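Data block below; observations after.
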Amino acid sequence: NLVSSNNNNMSSFLSSSPSSREVAGKRFFLPEIQILEIFLAVVVFVTIHAIRQRKRQGLPVWPFVGMLPSLVAGLQDNMYEWITGVLCTQNGTFVFKGPWFTNLNCVVTSDPRNLEHLLKTKFLNFPKGGYFRDTVRDLLGNGIFNADDETWQRQRKTASIEFHSAKFRNLTTESLLELVHARLLLVLNDSIEKSEVFDLQDVLLRLTFDNVCMIAFGVDPGCLSPGLPVIPFAKAFEDATEATLLRFVTPTLIWKTMRSVGLGFEKQLKSSIKRVDEFADEVIRTRKKELSTYSPEKKQRSDLLTVFMGLKDEEGKLFSDKFLRDICVNFILAGRDTSSVALSWFFWLLDQNPAVEERILAEICRIIGERDKLKEEPAKEMIFRPEEVKKMEYLQAALSEALRLYPSVPVDHKEVVEDDVFPDGTVLKKGTKIIYAIYAMGRMEAIWGKDSREYKPERWLRDGRFMSESAYKFTAFNGGPRLCLGKDFAYYQMKFVAASILYRYRVKVVENHPVEPKLALTMYMKHGLKVKLVRRQDSELC
Ligand code: HEM
């Protein structure tokens, strides 16, 4: 019946007059036109609604994908600047809404009051959390960087005692002196003799990698050597951190599946971690042998591995080899690149601010001038002494100012354990991820005043003396109980390296060399820092 009635309709349509055909045609197309109209109306409504959300939430919120389109657009350029822009319009905090099917929802903040709440006042309510731990566990195990609660506390306490001991301070100053005078200056001299342009960031990364390995493992991998060789352990470490980073931008289910079948970057991660582990196992095995027999080095060793090997856990047992490996790998990660990227941005800023460079040189000359007053024999080679480095307060201000504008760790994160409310009124639900935007904090007028984007070391000085800022306003070294353990050492390292270079050379950045941050957990210069050195004339000094 249905078929015949349809056929009847069709034949009457074909045999009818043009006017009745038009009417029937209109009737035939009407539903499609209506669907189109409704669709357009919905699109217009959703677009207007999404764009109106921008005022309230900082970014348009789209159905299904939330704020993802804005994030993708932000990623095309400088993502840190994009976050800064949104935070400025939202008075320092906004809630990022990710796509429905992902776990990208988070609260982003740069408000110092919230930072104090997060890092100090309610410290226990904001651990690194399960998501972070799961994502980096293969590389970092249960090391300090990745641990919360007692596991973290135990390592923090022991490492903190060690970092403040005289023996450890000697290790750090002597290893640095050796690296700068026997290696760095030779490489730099070589570049002058060959009149070569080179990547200063790469050279500095090699220096700090060797240095932190000497501190953590008591072993020098030799990355900073003539010819700048590729060192398998350093390469494996770099590959492992890069592949781990990819997990943060891949849905958990996908990278876990890739890991279980050994696919793509997960395959590379597995093999890099294996190479890191082989190196660590070899060092641990050799050290155990050395410590079990008499050796003259045994007494002098004060690296972290040797210190932790002599300690026992809460059950009175020696730490397992795996735990010793985790401790060392975590310290290498923490101290590997942070000081070198900070120094790279510092040298780039100096190139643009010659007046600051002049003031640093004047300070160095004044400090070493005190040697003349004590009628000391002029040294064959100028080696700065720890007490002289400490007196370089303008240099410390210039480095802090570089870290304010280019913090080595541009964003960091926490997870909420129990429902809470930020001092600015933002409601935090259990399980929410919190991103604190350290880069944005360094550039906000609300925090640093109208000249927030200018490079002005003077803002750190009161009556010519360096004055540190609140860790919740200048968050480059984190704050509260998880304040960077290597902060004092990092300043010493950066000051010693910067003064040793600047005293001997002018560092000229190659004209038109592109400078922009790389999107990574550490703020590397994406294209390195290509420079040429010019030897300083005696007339420039003092
Ligand atoms: C300019 C240089 C440095 C900067 C800007 C810096 C910054 C930071 C930041 C932001 C954190 C917190 C990370 C987090 O919890 O997610 C941190 C933690 C840490 N840093 Fe540094 N760091 C620097 C150099 C160093 C060095 C040279 C070492 C060691 C030799 C070091 C050792 C550590 C350790 C062990 C932690 C973990 C502390 C904990 O969780 O209790 N840092 N650092």
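Read the numbers this way: they start at 1 and go in the same order the structure lists the ligands and their atoms. Remember, it's a predicted structure, so these values are computed and weren't measured experimentally.
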Using a plain distance cutoff, I'd like to know if [X] has any nitrogen or oxygen under 3.5 Å from a nitrogen or oxygen of ligand 1.
X      : answer
Lys128 : yes
Ser339 : no
Thr475 : no

Selected option - heavy-atom contact closest to [atom], from [options]:
atom                    : options                        : answer
atom 2 (C) of ligand 1  : Thr338, Asn211, Asn330         : Thr338
atom 26 (C) of ligand 1 : Gly335, Ala216, Ala147         : Gly335
atom 32 (C) of ligand 1 : Ala334, Ala159, Gly143         : Ala334
atom 13 (C) of ligand 1 : Asp412, Ile144, Leu403, Asp488 : Asp412

Residues Glu282 and Arg285: closest non-hydrogen pair is OE1-NH2, 2.6 Å
Side-chain donor or acceptor of Trp348 paired with backbone N/O of Met525 under 3.5 Å: no
Verify the distance criterion only: is there a donor paired with an acceptor across the side chains of Thr426 and Asn114 at less than 3.5 Å? no
Quick one: does ligand 1 sit under 4.0 Å from the side chain of His413, the backbone, both or neither, non-hydrogen atoms only? neither
Check this for me: does any side-chain nitrogen of one of Asp424 and Arg113 sit under 4.0 Å from a carboxylate oxygen of the other? no
Under 6.0 Å from the ring centre and within 45 degrees of the ring axis: does the NZ or CZ of Arg443 meet both conditions for the six-membered ring of Tyr406? yes
Test the Lys128-Phe145 pair against the cation-pi criterion, namely NZ or CZ under 6.0 angstrom from the six-membered ring centroid and within 45° of the ring axis. yes
Can you tell me how far CG of Asp148 sits from CZ of Phe123, rounded to the nearest 0.5 angstrom? 7.5 Å
Look at ligand 1 and say whether Ile215 reaches it with a heavy atom at a distance under 4.0 Å. no
